[in-house]
K.L.:
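One structure follows; several queries about it will come next.
Given the structure is predicted, the values throughout are model-derived calculations rather than measurements. Atom set for the values below is all heavy atoms of this structure, side chains included, hydrogens, waters and symmetry mates excluded.
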Amino acid sequence: VSLPYIFEKGQRHYTAPYPLQPIHHHLTQERHALLINENLTNELAKNFGYKTEHIAAIPGTEVPLSAVFVPLIVGDAVIGNVTLQNVDKEQAFSQADVRLLETLAASMSVALENARLFEEIQRRNAELAVINSVQHGLVAQIDMMAIYELVGDQIRDIFDAQVVTVNHFDHEKRLNDYCYVYEKGQRFQIQSQPFTPVLEEFIASGDPMLINRGAGEKLGEGGGRVVIGDIPKSFLAVPLWSDKKVSGSISLQNVDRENAFNNNNLRLLSTVAASTSVALDNARLFAMIKRRAKEMA
């Protein structure tokens, strides 16, 4: 639950997100307004499973004596709620108040969905611009290292990641080649490293890997290791493909905070990886043709 707006007794309040509570599950399931006009603490304990000693107000606010909760509904989903509370008296709200708040909530739900759709369109347009920029640059490249450099530099500008790596997997030698490594404003040259259990699982599945909490610990549990730099708190990796086999990866890491990446980032990075895979295959083919022409000569 995030609370973008809290107002009590003439003052704005702010708090960090917190886990869904029984009252939120009730609103999601029942999908209609809830009015509690007296014995609010006891009603929450009796009907919603709260423990009386655990019912507390947001820091800096008071426990209400009366409250009305109205869900915000978009389509089939309850996306939030609006609540009015009175901390001074019981029986503070009437059915007329509930009906008015329901009307306002309905209008607000429509406005929020319109805003969400607008942001989605803006985000998709931004993603398309990024993809077009990357693809335009890749078309002009026939050298594999130049492709790694181009993609790495572009990704640095796009994503909220302190670490960007572009890797090639040498399956014959079972080595992970670090073709592009960037961390916190600095480029690194890293020697090839043996495959780890985590990497072998990634190659075998062919699926993207998104770890938003405790990335360092989870990667370490599977036999992974941090070759250089800080331990990541968020980690996102997508495969590069060649001849129906995972031939490499592009990875993003955030070493400062968890939950740095989302499914939109995953989708965009996967699209960039698909274009990169095609460009790398073309570069390999060009190098092979060039080599054979030299041999024929």
Side-chain angles (χ1 to χ4, degrees), residues 1-123 160 210 212-214 233-234 256-265:
V1 182
S2 60
L3 293 119
Y5 187 90
I6 311 171
F7 183 88
E8 178 173 316
K9 290 187 171 181
Q11 184 178 352
R12 283 290 300 272
H13 295 270
Y14 303 90
T15 187
Y18 60 87
L20 286 166
Q21 301 297 303
I23 195 75
H24 306 121
H25 292 296
H26 173 83
L27 292 171
T28 299
Q29 293 168 1
E30 299 299 325
R31 302 166 63 86
H32 58 68
L34 174 66
L35 174 62
I36 306 177
N37 251 337
E38 60 184 14
N39 299 320
L40 187 141
T41 300
N42 291 334
E43 286 293 315
L44 291 177
K46 176 183 175 182
N47 296 320
F48 301 102
Y50 287 91
K51 292 184 179 180
T52 305
E53 63 271 20
H54 291 165
I55 297 175
I58 291 168
T61 68
E62 301 175 35
V63 175
L65 300 179
S66 305
V68 55
F69 304 86
V70 174
L72 297 170
I73 302 174
V74 174
D76 294 328
V78 175
I79 63 168
N81 72 272
V82 180
T83 176
L84 301 181
Q85 303 175 12
N86 194 301
V87 299
D88 294 327
K89 64 177 182 177
E90 296 184 333
Q91 301 296 334
F93 305 109
S94 66
Q95 289 299 327
D97 296 326
V98 175
R99 287 193 297 272
L100 177 56
L101 190 59
E102 286 177 324
T103 301
L104 293 172
S107 298
M108 185 177 177
S109 297
V110 172
L112 286 170
E113 178 63 3
N114 289 340
R116 187 195 67 79
L117 291 173
F118 179 77
E119 287 185 352
E120 177 74 8
I121 292 170
Q122 295 291 91
R123 182 184 59 76
D160 177 22
L210 174 59
N212 258 330
R213 296 182 66 85
K233 293 185 177 179
S234 303
D256 293 332
R257 63 186 179 91
E258 296 182 331
N259 297 307
F261 309 116
N262 56 35
N263 287 326
N264 293 333
N265 301 142

K.L.:
Using the test side chain to side chain contact (heavy atoms under 4.5 Å, CB included), find all partners of Gln91 that sit at least two apart in sequence or belong to another chain.
P.N.:
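Gln91 satisfies side chain to side chain contact (heavy atoms under 4.5 Å, CB included) with Asn37, Glu38 only.
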K.L.:
Determine which pairs satisfy ring-ring contact (aromatic ring centres under 6.0 Å, His included) with at least one residue from residues 67-122, sequence neighbours left out, and list them in order.
P.N.:
none
K.L.:
Partners of Arg257 by side chain to side chain donor-acceptor pair (under 3.5 Å), sequence neighbours excluded?
P.N.:
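Testing Arg257 for side chain to side chain donor-acceptor pair (under 3.5 Å), a comparison that skips the adjacent residues, returns Asp160.
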K.L.:
Taking salt bridge (Lys or Arg N to Asp or Glu O under 4.0 Å) as the cut-off, I'd like each qualifying pair that reaches into residues 107-120, sequence neighbours left out, listed once.
P.N.:
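Matches after skipping sequence neighbours: Glu113-Arg116, Glu120-Arg123, Glu120-Arg124.
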K.L.:
Out of curiosity, Leu40 CG to Leu65 CG, how far, rounded to the nearest 0.5 Å?
P.N.:
7.5 Å
K.L.:
Applying side chain to side chain donor-acceptor pair (under 3.5 Å), name anything that partners Asn262, two or more places apart in sequence or on another chain.
P.N.:
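Side chain to side chain donor-acceptor pair (under 3.5 Å) list for Asn262, sorted by chain: empty.
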K.L.:
Under the rule for side chain to side chain donor-acceptor pair (under 3.5 Å), what residues qualify as partners of Asn39, not counting sequence neighbours?
P.N.:
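With sequence neighbours excluded, Asn39 shows a side chain to side chain donor-acceptor pair (under 3.5 Å) to no residue whatsoever.
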K.L.:
Hey, could you give me the CG/CG distance between Leu100 and Leu104, rounded to the nearest 0.5 Å?
P.N.:
4.5 Å
K.L.:
Main chain of Pro19, side chain of Gln21: is a donor-acceptor contact present, judged purely on distance under 3.5 Å?
P.N.:
yes
K.L.:
Heavy-atom distance under 4.5 Å between the side chains of Leu35 and Asp97, does that happen here?
P.N.:
no
K.L.:
Do Val1 and Leu20 have side chains that approach each other closer than 4.5 Å (heavy atoms only, starting at C-beta)?
P.N.:
yes
K.L.:
Could I get the full list of side chain to side chain contact (heavy atoms under 4.5 Å, CB included) partners for Leu112, not counting sequence neighbours?
P.N.:
Leu72, Ile79, Met108
K.L.:
Do Asp256 and Lys233 make a side-chain contact, defined as non-hydrogen atoms from C-beta onward lying under 4.5 Å apart?
P.N.:
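They are not in side-chain contact.
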K.L.:
If you compare all heavy atoms of Gln85 against all heavy atoms of Pro64, which two are closest, and at what distance to 0.1 Å?
P.N.:
OE1-CG, 3.4 Å
K.L.:
Can you name the closest pair of heavy atoms from Ser234 and Ala260 and give their distance?
P.N.:
OG-N, 3.3 Å
K.L.:
How would you list, by chain and number, every residue that makes a side chain to side chain donor-acceptor pair (under 3.5 Å) with Gln95, sequence neighbours excluded?
P.N.:
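Gln95 satisfies side chain to side chain donor-acceptor pair (under 3.5 Å) with no residue once adjacent residues are dropped.
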K.L.:
Closest approach of Ala33 and Pro71, non-hydrogen atoms and distance?
P.N.:
N-CD, 4.0 Å
K.L.:
Among all residues two or more places apart in sequence or in another chain, which pass the side chain to side chain contact (heavy atoms under 4.5 Å, CB included) test with Thr15?
P.N.:
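Checked Thr15 against side chain to side chain contact (heavy atoms under 4.5 Å, CB included); matches are Leu3, Ile6, Ile58.
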K.L.:
Looking at residues at least two apart in the chain, or sitting in another chain, which of them share a ring pair (Phe, Tyr, Trp, His ring centres under 6.0 Å) with His24?
P.N.:
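His24 satisfies ring pair (Phe, Tyr, Trp, His ring centres under 6.0 Å) with no other residue.
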K.L.:
List the steps, then state whether side-chain contact (heavy atoms from CB on, under 4.5 Å) holds for Asn263 with Leu210.
P.N.:
CA-CA 9 Å; Asn263 287 326; Leu210 174 59; 4.1 Å; yes
K.L.:
Kindly compute the distance separating CG (Leu34) from CG (Asn81), expressed to the nearest 0.5 Å.
P.N.:
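Answer rounded to 0.5 Å: 10.0 Å.
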K.L.:
Sequence neighbours excluded, which residues qualify as ring pair (Phe, Tyr, Trp, His ring centres under 6.0 Å) partners of Tyr14?
P.N.:
none
K.L.:
Among pairs that include at least one residue of residues 8-23, which meet salt bridge (Lys or Arg N to Asp or Glu O under 4.0 Å), considering only residues two or more places apart or in two chains?
P.N.:
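Pairs touching residues 8-23 that pass the test: Lys9-Glu62, Lys9-Asp88.
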K.L.:
Would you say Asn86's side chain and Ala67's backbone share a donor-acceptor pair under 3.5 angstrom?
P.N.:
no
